[in-house]
Protein chains: 6
Amino acid sequence: MKIMISQPSVTLLIFYLLFITLSNANVQDFCVADYKAPESPAGYSCKELGKVTVDDFVFSGLGVAANISNPFKVGITPAFSSQVPGLNGLGISLARADLAPGGVVPLHSHRGASEVLLVAEGTVTAGFVSSNNNIYITTLNKGDFIVLPQGLLHFSVNSGHSKALVFASFSSENPGVQILDNSLFGNNFPTELISATTFLDPAEIKKLKGLFGGSG
Amino acid sequence: MKIMISQPSVTLLIFYLLFITLSNANVQDFCVADYKAPESPAGYSCKELGKVTVDDFVFSGLGVAANISNPFKVGITPAFSSQVPGLNGLGISLARADLAPGGVVPLHSHRGASEVLLVAEGTVTAGFVSSNNNIYITTLNKGDFIVLPQGLLHFSVNSGHSKALVFASFSSENPGVQILDNSLFGNNFPTELISATTFLDPAEIKKLKGLFGGSG
Amino acid sequence: MKIMISQPSVTLLIFYLLFITLSNANVQDFCVADYKAPESPAGYSCKELGKVTVDDFVFSGLGVAANISNPFKVGITPAFSSQVPGLNGLGISLARADLAPGGVVPLHSHRGASEVLLVAEGTVTAGFVSSNNNIYITTLNKGDFIVLPQGLLHFSVNSGHSKALVFASFSSENPGVQILDNSLFGNNFPTELISATTFLDPAEIKKLKGLFGGSG
Amino acid sequence: MKIMISQPSVTLLIFYLLFITLSNANVQDFCVADYKAPESPAGYSCKELGKVTVDDFVFSGLGVAANISNPFKVGITPAFSSQVPGLNGLGISLARADLAPGGVVPLHSHRGASEVLLVAEGTVTAGFVSSNNNIYITTLNKGDFIVLPQGLLHFSVNSGHSKALVFASFSSENPGVQILDNSLFGNNFPTELISATTFLDPAEIKKLKGLFGGSG
Amino acid sequence: MKIMISQPSVTLLIFYLLFITLSNANVQDFCVADYKAPESPAGYSCKELGKVTVDDFVFSGLGVAANISNPFKVGITPAFSSQVPGLNGLGISLARADLAPGGVVPLHSHRGASEVLLVAEGTVTAGFVSSNNNIYITTLNKGDFIVLPQGLLHFSVNSGHSKALVFASFSSENPGVQILDNSLFGNNFPTELISATTFLDPAEIKKLKGLFGGSG
Amino acid sequence: MKIMISQPSVTLLIFYLLFITLSNANVQDFCVADYKAPESPAGYSCKELGKVTVDDFVFSGLGVAANISNPFKVGITPAFSSQVPGLNGLGISLARADLAPGGVVPLHSHRGASEVLLVAEGTVTAGFVSSNNNIYITTLNKGDFIVLPQGLLHFSVNSGHSKALVFASFSSENPGVQILDNSLFGNNFPTELISATTFLDPAEIKKLKGLFGGSG
């Protein structure tokens, strides 16, 4: 087979390029979030293409150690679509957690995403519980990661002697974060209902509600 | 491994909780329908989170027997996302059908969902036809259900001597309902085209158009 | 436009039908579960089409009140793809819960599905907690339902004076069920880790592990 | 910013390429169907990568006019994943229909796919019915196409004076084809049930069962 | 089992039909694009149902041979959701390419869709490269097609002596088109970066930037 | 509302737990890869649940700096489902790249995933090209990341004076990696076809084929 190759001139190529461009108006490779427009189950509305810049795809927030002077001795910095407009609709997001020695990322789940937890510094004990009630726990060192399947309760603890830094990647740009303590003790979920549906002692519940700012 | 546990004070925990909350603005666990805003292929736009109440997730319409004084002797009550704003984007919906003895849910399909049909009262004969033209029919009693795969023609008939009540669950909040009789005989679909594409006799078509309010 | 219609003979139509059938071999409207063959992330392998019967799509297990003579005074009967082969791959499933007065479906979540909880008998108080820690609770009577979005903690309690019966529909044939008590207290999840990641008192944890058969 | 560029040697590059290759074993760009292995809801099992050739991705069957000497005066040639192994899992498929003047693609639906029907030769009248019972009909000439949304009843008719040729594209490699006449009259779907659920006259049903090879 | 069938009267049937219709408001079988309203990751907003006509589902643009008097001797006519409002959200689209002898559809990829390339006239050599660097090439005649899996580089060339016409079908209504030459040489992608990341000679890059209207 | 709470005994609770467990056999929270069993479009077959351990979810390979003594001065370590069995079906994966000063991750794309590229050490210039031929480039420091939408060509370059380390997260457990140089110059893709479809000079192509081990 012999293929004929000819050298294009600038003018003709520009003509050709224009032809392609006009035909392909509104090619939607991404949908940078317009936080002011309506949201749908698929995410935020799209920012006008002509106003999109590389800055919509860049985020620097994960470069700063979060404040860990709190009871859990942990600081969590999310980088979801609500923080990074370029993530809208793309099915991925990140977060950073800084843990002091003994610091914990408390027991929680992500309703909308699976997670990979990567240790960047320190030593972290992490694990999850399955629907079959099997508990999978391991201790991770720098460079190790653990996979945490979607929607299941999991946690991590700094089990070393120095600060720990972990990066979490999620299979959704909007994974959701449901922290057990906040869910039960940080609102006005009635104590008697919590006790009936968990068998936790009402006194224990009241005490933790006092700690987490809840009532009822 | 020894984990250090310290008792938090109220002030510090509130600080910590605020930290989490501010970082996680607009966590979209659901997207309650705002019926006044634009729709997209993914569903309705989301109602503002601060205006969402438990009532958006609650529906009482399936508690009332529908009027069955009509030729098919059936009343159908849907609970799709267009009736229940909390269903928007969640991939599930319900419906109720009340059938007098001999009453029928006429032959129809759901373009967008598979269905499970559960008998709550009475005796119901139900079935579907596959793309291979196999017909799967069974008679169901109280507590039985049948699975009706997406997009295939199916029906149910009250084959008992008393009223029947069924609940249908769908794998979409917007399953669609295409009833064969309405599709062919309830509009202005030209008789000659129906006859050519179904081999139904034009006289039969005209008669049924007369019954179902169609023309052409 | 004039459409020519001719009357087909049996022989020619059978010929035509054969043509269509041979051309459309292996039309996969469904994939009835073959429990003996490999599973994949999409579900069970498919049973051979020629061996599928209507019984693969029918389930009677939800017609029987489950045994409620246990501490939670509840019996739960699932109808997931692992119980009903015809549900495999179809994105929908059901379950039944029978609750004595004061009986509870304990706090739990479904990692893989949204749920609609419909009251068939009695009075039920039900609710869920969102990632923002808002608690949505309501009391439902016969015919009412509540929508419970995917992956979030929820519960229901029989708040009436007689037995209650609810039916749950899920937006997945394999929704998963993670019960909080079983997850924390029904296995060998170390007490010190639970305490560190939930702030629950170790004595309370040990007591509940004693109740739920856990250790560690 | 100054970027250092160095010229690679063959040896080093081969080393580099091997590094990439070994690290990326089993990169699954496609999953060519192995018809002998188990099927799952996601499709056929994958053929071993080393046995895949370009022929798995090529199909010539749409180049041949199908036999149209039958009552509907149409021949339909599918190119779904069950005919073209390379289509497995890719979400797309094709079909060809040859229609003599007055020939019809009878009323049918595709449970699993939306369709685009493109006229390559002749004049075709085509349309679909929505769940709202709106009928959308148009006459298409060579080069025109119509969009037929998933799961809805549709048809096409050669309304010209010469043969017509159409190509259909589907948004699934396994769209399913449910032909109304075959579904009702080509099997043993009991006449009394068809009549009860469609209001078709039993005599009409029996006549068409006679034509389409059905019974009952 | 004996099914009771009664003959409906017009009045009662109209009543029944109204009942169904009112209950099923806003049944969203499709979401015809409203180009003036916000876009989301799922596509364009939906046009008001009452304003939808069959013309929203029809497109004639693929019936016209595109201008092939340009260096590549090819004309490409897309029919994506940005051209055909009825395609919005439906997961399918088409395009047409006219190639003079020796004309080429230059090396490109579709980030969002798999493709089927069907030859309608002429002889075309086409192929794709996999992530494993295997090259799959074949020569296609009229009626042949090749499957081109999502996101992989591919091309086609008119290897015959007369004009060629191909139709492409895509598994997305918004497949995206990334043409290699335009991506590297049709913008201001800095030459030194292109050279560093491709090992292309800077002089070659500059020459092609001159041809394709790029700079830097 | 008064909720009755009773203290369970060990025996009764064990009975209750067994009831739940038996009813919920094969709850598939994850599908750890069985590399020896068939693959499907959805991924690998599932390993038997009883044989799953935490090690299936843990990976240490990203903790080791890859060998960067090669022409591109980069080492890439993937952690996809083919390396980490616990990732199978979960929609997420990671990779690590070590770059010496001036080292590059050459121009490439991922057919199946969007990516987030996070800089852990050093300074990296990265960017992507859209289907509209817009080039988005930025320079990232430690802690910065850039979003790289699915299927689009992108690259990164160490633009600092010391080694750089980046971690990539992908929205698929099997993202695919198509490197431009390997695709064009690392196989037997005929030179004349490459030239015809890219306008690259045949001499340049031959030279690069020599470098990348290709032929033809």
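Order of the sequence lines sets the chain letters (A, B, ...), proteins ahead of strands, with each chain counted from 1.
Heavy atoms of Phe167(E) lying under 4.5 Å from chain D belong exclusively to its side chain. The part of Leu118(D) that comes within reach of chain E is its side chain, from C-beta onward, which places non-hydrogen atoms under 4.5 angstrom from that chain. Heavy atoms closer than 4.5 Å to chain D are found in both the backbone and the side chain of Val52(E). Of the atoms belonging to Phe170(D), it is backbone heavy atoms, and not side-chain ones, that fall under 4.5 Å from chain E.
By the salt bridge (Lys or Arg N to Asp or Glu O under 4.0 Å) test, Lys47(E) is found to be paired with Asp56(E), residues two or more places apart in sequence or in another chain being considered.
Of the possible polar contacts, none joining the Ser195(D) side chain to the Phe199(D) backbone as a donor-acceptor pair under 3.5 Å is found. The backbone N or O of Phe80(D) lies less than 3.5 Å from a partner atom in the side chain of Gln83(D), making a donor-acceptor pair. No donor-acceptor pair closer than 3.5 Å links the side chain of Gln178(E) to the backbone N or O of Ser183(E).
Contact count versus chain D (heavy atoms, under 4.5 Å) is highest, among Asp55(E), Val116(E), Leu140(E), for Val116(E).
Sequence neighbours left out, the pairs with a member in residues 81-100 of chain E that pass salt bridge (Lys or Arg N to Asp or Glu O under 4.0 Å) are Arg96(E)-Asp98(E). For residues 161-173 of chain E, every residue pair satisfying the side chain to side chain donor-acceptor pair (under 3.5 Å) rule, not counting sequence neighbours, is listed here: Ser169(D)-Ser169(E).
By the 30° and 60° cut-offs, the orientation of the rings of Phe30(D) relative to Tyr136(E) is perpendicular.
At a heavy-atom cut-off of under 4.5 Å, chain E is reached by Gly86(D), Leu87(D), Leu90(D), Gly91(D), Ile92(D), Leu94(D) from residues 86-95 of chain D, listed in order of number.
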